[in-house]
Each structure stands twice: as structure tokens, then as C-alpha cells.
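Worth saying up front: this structure is predicted, and the values here are computed from it rather than measured. Naming convention: chains lettered A, B, ... in sequence-line order (proteins, then strands); numbering from 1 in each chain. Because only heavy atoms are used, hydrogens play no part in the values below, and waters and symmetry mates are left out as well, while side chains stay in.
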Amino acid sequence: MSLQTDFICSAALTIQSAIISHKPEIETLDQAIGDGDHYINVLRGAEAIANMTDELASLTPDEALNKIAMKLLSTVGGAAGPLFASLFMGMAKVAKHNGANTTLDIAAAFAGGVQELIKRGKGKVGEKTMLDVLVPVAHTFIFSAIENKSTTDICADIKTAADKGLESTRDLIATRGRAAGLGERSKGHLDAGAKSCQVMINEICDLILKSNT
Amino acid sequence: MSLQTDFICSAALTIQSAIISHKPEIETLDQAIGDGDHYINVLRGAEAIANMTDELASLTPDEALNKIAMKLLSTVGGAAGPLFASLFMGMAKVAKHNGANTTLDIAAAFAGGVQELIKRGKGKVGEKTMLDVLVPVAHTFIFSAIENKSTTDICADIKTAADKGLESTRDLIATRGRAAGLGERSKGHLDAGAKSCQVMINEICDLILKSNT
Amino acid sequence: MKKFVNDVNNMLTESLSGFAKAHNDLVSLHLEPNYLTRKNKAKNKVVIVSGGGAGHEPLHAGFIGKGMLDAACPGQVFTSPTPDQMIAAAEAVHADKGVLFIVKNYAGDVMNFEMAAEMLPFENATVLTSDDCAVINSTFTDGRRGVAGTVIVEKCVGSIAETGADLQTCKALGDKINAQTASIGVALTSCTVPAAGKPTFEISETEIEMGIGIHGEPGRKRETMREADAMVNGMIDAIIADLQPKKDTEILLLVNGLGATPLMELYLIYNTAEKLLTEHGLTIARSLVGNYTTAIDMTGASITVCVLDDEIKQHWDSPVNTAGLRWGV
Amino acid sequence: MKKFVNDVNNMLTESLSGFAKAHNDLVSLHLEPNYLTRKNKAKNKVVIVSGGGAGHEPLHAGFIGKGMLDAACPGQVFTSPTPDQMIAAAEAVHADKGVLFIVKNYAGDVMNFEMAAEMLPFENATVLTSDDCAVINSTFTDGRRGVAGTVIVEKCVGSIAETGADLQTCKALGDKINAQTASIGVALTSCTVPAAGKPTFEISETEIEMGIGIHGEPGRKRETMREADAMVNGMIDAIIADLQPKKDTEILLLVNGLGATPLMELYLIYNTAEKLLTEHGLTIARSLVGNYTTAIDMTGASITVCVLDDEIKQHWDSPVNTAGLRWGV
Ligand SMILES: Nc1ncnc2c1ncn2[C@@H]1O[C@H](COP(=O)(O)OP(=O)(O)O)[C@@H](O)[C@H]1O
Ligand SMILES: Nc1ncnc2c1ncn2[C@@H]1O[C@H](COP(=O)(O)OP(=O)(O)O)[C@@H](O)[C@H]1O
Ligand SMILES: [Mg+2]
Ligand SMILES: [Mg+2]
Ligand SMILES: [Mg+2]
Ligand SMILES: [Mg+2]
């Protein structure tokens, strides 16, 4: 695997439509234990990126990731905005430094992104946030890459990690983000941010698998 | 028939419970083409009078009617307040002048009350107000009294007049009171004030009939 | 009905008591009969006394204070107050130059104030407000309803009274403003009179009541719910048709919430109303947006346009210090 | 959902435009990035910049003006604004003495303002408001939410900034007020985020949400609907338990409507709250009743108590001239 800007552009378009088709779940989750805007926040970001693919096309992958970060920062707002922006900033930083020419490069970039997101949000796994999906996915990605698994297997591993991570948020008590105010009452619902991450990660994996065949 | 203060007091109590038992109709009518407070306005007045029967007991009938008028004026409010107060003021005035010792005296007093009410409200029959009940009742009362009918017949005539008057408001277009703003749309509903008058008149007739037997 | 209420019968008194306590620098409350007066009794001026059913807050008690009302008489919810209240209030504030009553044109209010006026031992006059142009063809003998334009009348008449103007001058300004003011309201939901405990009217998700009265009286027409611009457009058309203002006229534009409409939406309405009125060649020289004449908990809004002249502008701009309107002090 | 709206996507911009037009004597609007500034740029003072998701009007744009905010950054409905807005706003109003951000404590707001602060080329500091005591045992790392107490912080910090106080002095006053302020809200109905088009939560006719957040975040407990006094009693108890004020302390009592609650009911709540707090030996020295920090169209109210001292009283009383709060000018 290597990361090309045109893949980033196709991913942007795919993600936009994937978010739209998961509107009911994402929206309902943030209504249940948040404030109901997560879907529209993520969609606003996804649309903005999908609309800038022309601009992105001529950039290097790390430049594109950085541009995406800045766009997300100024369009998404809420908690999701700075977090996703940090994710892309971190990815851009590592990609610029290491390149993005191997699977491991890409995995490292993703891990760097998650690192940056954690720094911004001061969170950790187990707090019922998107980190419950992102952190296991980052680990899985790195390990699978190190083990030199096939793209198909890596994608399968990642999807499983994302699904499990998402499901793990159900019984957690939120201690970070808006749902933290709820205490015990946050139990029994999936986290909206974890859900949107799982949706996006799934889409990207499917896109990789498709372009791989 | 002659009018005694103790009859006024019993009538006050009867009216109070009659109004309460007709709550749904009266309230719904003022909600449909008014502002929904006619029931509670009339009830407030009826309660106030029912609560002052001790005070009234020692007064002459015209004094009692006057006292009732003043009480209604300061407790009912809305359109109904000054109108009902005027009705009792007018009755008191005529009763004081003529006495209230014959059926004709009482009918004249009632007519005088209606007269005073009309002066205050500047209304007339056919405008979809309580006058559509009060005016025909006043006429019927006077004529039946002149014809020297039996109390039973007079009461029957009055009740018929009240019922017909009430029913006549259904197809009228309101041109007076709050419903006037509605124009054509006021058609098809009975007038709330006409309804409360019909209820009270009916009750008083029944009370007369009962005390007559 | 979900409301902050203990006993429906005490709701008005409890609310008035809270109002008087929260604004004890501005008003004093008298109970039985119920009326509120300005904290510092005015001297040697026409006193302005208003009143009407409760449920329209901040109207009228919220407008007691320097530059506006001397006293207000709150009736029960949506029910005119009674003459004893008006007489007691007028007696409490009378300052040797007579009493001007400001009365919204409803049969109940008119008759109760009329009886008070007849019994009052002071010189007095009445301004009847009737700015609601919802009913198009007003051949009806009771005339138009007084709605949010009343606030403009109370503000300006209150101002001119502070200058020492006599009773007829105060009344003349009030009558003039009323004559050149038009309002129309629209309801998206019904209000609920607490004592009734259920909504005054049924209205579906896809309907609106155009020309609603501030007591939930049905309006001009039941229409289909549509986007804000279309609703505002219809309202502005009704106002223009009624006022027929000349081009380049200066106006005051008041967008009034009926109780449960968020400010965000009122400003959106203002945005459209401003645009449409400007297109009609009018100049919006003054504006007011907020909940000033409400219908308890109704979702809806009204638009009021008052044609200005120098006199009205002067009295609109003058200092006012009340719970509901405050500037220049 | 019945709202005055054309296209949900343009709702915010249309509303902001209306606000800016209606208050063009007080504010200027900049779009893309969205921010509003005080009409007359301040000179040589710490500038106070706030912001947050829309839907809480008049917070924050309604508090721009002399004696309060220099700029406000509105986000989308219930969504924190973005750093580019904050930076542009700060740059537009900066007056040589640094920028103080006033930020309600929500992860999104905190992070966005944090990133703006990091990128801003001026000296700056932040006051985080966290007055919501609804969550009893706050071991949660994100801390308490900022709600209506923010208005008191903005008023007083805005006042001290006008005196020429330096950045740390302004921040210190803000932090102090926040530390001695507690709020709690209750919802009778849900709010509806326009973009979502349906209520955020289901709640029956017989339930209330005690400790509701101003974004409709579920609160402390779903309770049974009961009379106003019982609800207010629970709220006052929570506030007292949190603040543990000494006897004879002077306090400011703010009864805040969440959007769709009639003033009549807010004053009824005030009446009870005042009584209970007085029974706790406290003196209500200042008060405010109205819609100041709303949750779109929610029926509900919050109670805020701020423990006063001479410094806070002085800055609360000082002149303020904004769309939402105005006195002494
Ligand atoms: N500190 C944090 N670290 C990681 N994720 C967080 C943090 N705070 C919030 N989140 C995530 O953000 C999501 C909410 O995003 P969104 O609804 O867009 O913002 P807001 O909570 O401001 O409305 C949550 O579901 C959670 O996954
Ligand atoms: N001018 C009038 N003359 C006679 N009856 C009237 C007049 N105006 C109103 N009414 C009567 O009063 C009734 C309404 O009373 P009520 O609801 O108590 O007062 P309001 O209309 O002020 O709410 C109407 O149904 C009508 O019968
Ligand atoms: Mg959210
Ligand atoms: Mg009525
Ligand atoms: Mg009425
Ligand atoms: Mg949000």
C-alpha cells in the first residue's frame, strides 16, 4: 500500500455518501447522550472536503492531509472539529517526515494522527469516545503492517477492531465529552463519535479492497 | 311569583353547581371562537356570589341584586363581568322602584337588567352574543306574565325561548365581542355567553318549579 | 399541560409577587384589588394607566417606570381586569393632571375601563389601541384588536407625559400613533390557558393560523405551514395594504414573539421583514425584536409597523426605565 | 418541527443578519468566518471575546456592547464555533491590552478556543465557565458545564475591562465569579435542533428532566412532573449544597428561561426561589429574570445563584449597553 492523493480524493467522496447513509444511527446516538449535532457536524466536514477535491488533486499526500485538517478545523466545530483536524494534522506531519510509500508508513501516519488527537482531547481508551475505535484501529493497523499481512487481511483486521471498539462503548460510562455529565445514564448507548469513526474506517477499508482488486 | 332574598341565595348556589357541571361545553365554545376563559370567568363570579349568601340574607331583594352586581363587577372581568354586573344593576334599579312582588314586577326587573346590559355592551339581537338568549327570554317573560300564565307555563316558555335563542347563535356571524374578528369562521359554533346564560336561566326555572310544587 | 404552576388559582398572584420582588426598585405591588404602581410616584403630570388580562407579559406591568406607565392592572389570564382595580390604581398614582387609560380594544377591556372611567373622581381620557389588521374587512362594530402596537403607544405616551403635556395632548399622541400602526400575527401552535389546561385550538404540524389574536382567537385564515419568507411576505403585504405608507417614509419595525418562539427565529423574521419593507421603499429608522406582547406559551410571532414622524421618534428615543424596555437611563 | 425557517442551512446566517440589522447601532457582523463586533471599537483595553454554538440567544451576540463583550463568535446550532472565527474576531477588536476569551466548559468549545489561543499573535487568557451543578459527583475529568452563570461572568468581566484593568485582573474576576456561582436547569420539554428536525429527547406529559443541559443533554435524573414549588425546592437544594453559602451572604438570583417558558412562569419561579433562599438566610441583593441563556425552544428554566461581594456588585451595577442587557446608559 502507498498513499496517493487521488485515493484521498476518492475516499473523501465515499465518506460523504457513507455518512449520509448512516444519518439515522449517528444522529440518534448523539441525541441520546449528547446534543444531537454530531451527524450534521461530520457531514458539514465531509461535504467541505468532498467539495475541495479539485484543489487537493495537485498536492502531495501530506499537503492534502494538512489542507483537509485546516478545512475541518474551520468547518466542523464542536468537539469533532478540533479532534478530526488534529487527526489529519498528525497524519500529515508523520507522512511528511516518513513519506507514505509503504503500508507501515500509512499505519504510522494514522497512529501519529491518533496521537495528535489524543493530545488535543486529553482522552484515553475507555472513556466512551471515538478513541475507543481509533486507538484499537491504530494498533491493529501497525501490528498487521509489521506482520506484513495482505491488504485484504489488514482491512479485515481493521474493520473487526473498529466494530469491536464501537461495541465496547455501549456499556462504558462516559467520562469525557458531553456525555460525561450523564454518569451512569450514559450506559447502554454507543458513542456517536465512535460510530462515525467506525463508519468512515469501514468505508475506507472497502475502498482499499475495491481498488486492490 | 314574588322575589325573595332567600330565593336569590338558593339560586346563587344552584347556579354555581350548574356552571361547574356544564364546564366542558362552555369552555369549549369560548375556545372555539373566543379566548377560552368564559367558563372560568363565570365560575369565578358564581363562586363569589355563592360565598356571600350570608351577607345577602339580611338585605332586601333589590339591595341583594345590587350587591351581587358590584361583586360581579369586581370579580368576573372580561366582557362577561361588566355585562352581568349591568344586568344585576338594572334589575336592582327596577326592583327598587317597582318592588318585586308580582310576576310582572320580576319580569320587568329582568327586562330592565337586560336593558342596562344592552346599554353597556351596545349590542343587539343577532350579533351572536348572550343577547340572543337574554332578549327573547326577557320578552317571553314579560308577555307570559301579562297573559297571566301559570308559573309552570311561564317557566316552560322561558326555557323554550332560551333554548331557541341559544340555538340561533349557531349560524350567526359574530359582529360583537371577541368572535367578531373571525367573520365567516364564527359560523357553526354556539356563542359561549349565550350558552352560560341558557344554563343559568334553565337552572333558575327549575328552581322556581321545584319551590312551586 | 406542562407548566411551572402550583395551584392554577394562585398562579397570577405568585407571579405578580415574584415580579414585584425581582423589580422592587421599579414597582410596588398592591393585591386585592391587584395593581402595580411606579416605585417613585410621579408629580404633576398626566399619569398613564394601562391594564389587561395576564398572559401577555411583559405587557403591561413590565412597562411600568420612568418614561412609560405609572400603573398597570393585571386581570386574570386573558381576562380583562375589573373597574375596582383601575380606580384604585388611578387613585394611587394620580398626580393632579388627570389619568390617561391605555386600553387594548376588546369588548371586555373597553367596558371595564369605561365603567372605571365613569366612576373615577378625576379628569380622565382613554386611548384605545386597535393595531391588528388581521381582519381585512372590518365592518364589524367592535373594531380591530389591540395587539403589540400597544407597546409603542405606551412608550411614546409615557414619554410625552413626562414632559408635562396635558391630558388631551397625551391622548392625541396616542391616538395618532394607533392610527398609523398596523400589526399582524401568525401562530404555529396554540397557547394553553392554565385554567383550561388544554390548548385553545387544535392545529396540525402542517398548518398555521394567519392573523391570530394574542388570546389565541382564530385569525384571518388557516393556512398551510410554509417557509418563513412566505409567511413574512403575507404579513408584510397585509400591513402595507392597511397602512398604505408613502415611499421613503420612516417606520419603526417591531418583530414580537408570542411566547415560545426563540430569538434566533425572531431575528430571522426581522431579516426578511426588513428586506421586504425596504423593497417597498420604506426606511426602517427604529426597530425592536423580542417578546413584548405575548400569548402565554404560543409559538408564533407578530410584525408591527408604525409610521414615524419627528414627534414619535423623539418620544420613542427618550429615556425609559422599566423591566421590559430600558434605554437612555 | 414547526419553526420559522427557510433553508435549515441558511438559518444561522439569516438570523445573524437580522440581528445585525436590528442592532446596527451596537454591532457589526462579519460573515465567513462568522463573528460580530462592537460597533465602536474599544481603545486600549483588554478585549472580551466569547462565543459558542447558536441556539442560546441572546447569549453571546446579544451581550456585545459597551460594558460587556467586544466580540462574539456564533457556531452552528449547539456546535462550538471554530478557531478561525475566534482569531478573526480577536484580531478585529484587539486594543493593545490582550484578549480574554470567555468559554463555556464543553469539550468542543474548550478545544476550539484552545487552538485559537495557541495560534493568536496576541497576549490572551481564558475564563472557563462551569457553573452547572446538576451533576452531583463531578469526578468526571471534563468538569462541569458552563450555563447561565456565563452571563454574570461576561457582564462583570466586561465591566472591569472598561476600567482599563489588565488581562490577569480581568481573568481573575471571571474565575472568581465562576467559582462562586452555581446553576441548575429543569426541562419540561425537549428542544429541537433545526437540522435534526425532531426533538432531542422524548419526555412524557408526566416527566421532567432535572439537571438538563442547555443543549438538551440529559440531566441528573428523570423525575415525575410536579408542582413548581417542589421543582424549585429541589433546584435550590442542589445550589445550596454546591455553594454552601454562609448566612447573611448577599447573592444575585438569576431565573433564566430556556426558550419557550412564559415570563409569567419565570416570575412565579423567582417568587419561590426568593422565598427559599431567604429562608436559607441569604439576602437577594440583585436579580435578573428572563431568557438569557436559552436552549432553542425548550420549555424549562434554570436558576443561578452568584455569591456577591463589593467588587462583583460594583461590576454588575456598572453601565451596560447591549441588545440583551441594558442599564445605566
Ligand atoms: N476529549 C475527547 N477526546 C476524544 N473524543 C472526544 C472528546 N470529547 C468528545 N469526543 C467525541 O466527540 C463526539 C461528539 O462530537 P460532536 O457531537 O461533534 O461535538 P459536541 O460534543 O461538541 O456536540 C463524542 O461522541 C466523542 O466521541
Ligand atoms: N357587546 C356585547 N354585548 C353582549 N354580549 C357580549 C358583548 N361582548 C361580548 N359578549 C358576550 O360575552 C361573551 C364572552 O365573555 P368572556 O369570555 O367572559 O369575555 P372575553 O370575551 O373578554 O374573554 C361572549 O360569548 C358574548 O356572549
Ligand atoms: Mg454533539
Ligand atoms: Mg373569553
Ligand atoms: Mg377573555
Ligand atoms: Mg455540539
Exercise. Starting at CZ of C/F78, measure out to CG of B/D37 and round the result to the nearest 0.5 Å.
Key: 8.5 Å
Quiz prompt | Per-residue contact mode, B/T75 against chain C (heavy atom under 4.5 angstrom) | solution = backbone
Quiz item: When you check the gap from the basic side-chain N to the acidic O, do C/K221 and B/E184 get nearer than 4.0 Å?
Solution: no
Exercise. Between chain C and each of B/G123, B/A85, B/A79, B/G121, count heavy-atom pairs under 4.5 Å; write down the option with the most.
Key: B/A79
Quiz prompt | Heavy-atom pair with the smallest gap, counting every atom of C/P218 and B/G34 | solution = CD-O, 4.3 Å
Self-check item: Contact class of B/I40 relative to chain C, heavy atoms under 4.5 angstrom
Solution: side chain
Practice problem: Would you check if the side chain of C/N112 reaches a backbone N or O of B/G77 as a donor-acceptor pair within less than 3.5 Å? | Solution: no
Quiz item: What distance separates C/M111 CE from B/S86 OG, expressed to the nearest 0.5 Å?
Solution: 8.0 Å
Quiz item: Are there more than 12 heavy atoms of other residues, nucleotides or ligands under 6.0 Å from atom NZ of C/K2?
Solution: yes
Quiz item: Does atom NZ of B/K71 have more than 12 heavy-atom neighbours from other groups under 6.0 Å away?
Solution: no
Exercise. Verify the neighbour count for atom CD of C/E32: are there more than 12 heavy atoms of other residues, nucleotides or ligands below 6.0 Å?
Key: no
Self-check item: Verdict with supporting geometry, B/R178 and C/Y106, side chain to side chain contact (heavy atoms under 4.5 Å, CB included)
Solution: CA-CA 7 Å; B/R178 197 175 295 279; C/Y106 297 94; 3.5 Å; yes
Practice problem: Compare all side-chain heavy atoms of B/R120 with those of C/M115 and state whether any distance is below 4.5 angstrom. | Solution: yes
Quiz item: Which heavy atom in B/Q31 sits nearest to a heavy atom in C/P199, and how many Å separate them?
Solution: NE2-O, 3.4 Å
Exercise. Identify which part of B/A80 has an atom lying under 4.5 Å from any heavy atom of chain C, answering side chain, backbone, both or neither.
Key: neither
Quiz prompt | Residue selection (most heavy-atom pairs with chain B, distance under 4.5 Å) from C/V77, C/V193, C/T82 | solution = C/T82
Quiz item: Side-chain contact, heavy-atom cut-off 4.5 Å: B/D30 with C/H215?
Solution: no
Exercise. Could you grab the distance from atom CZ of B/R185 to atom CZ of C/R220, nearest 0.5 Å is fine?
Key: 11.5 Å
Quiz prompt | Most chain B-contacting option - heavy-atom pairs closer than 4.5 Å, from C/V110, C/N9, C/D84 | solution = C/D84
Quiz item: Say you draw a straight line from OG of B/S186 to CD of C/E217; how long is it, rounded to the nearest 0.5 Å?
Solution: 13.0 Å
Self-check item: Which of B/G81, B/G177, B/A32 touches chain C most, by non-hydrogen pairs under 4.5 Å
Solution: B/G177
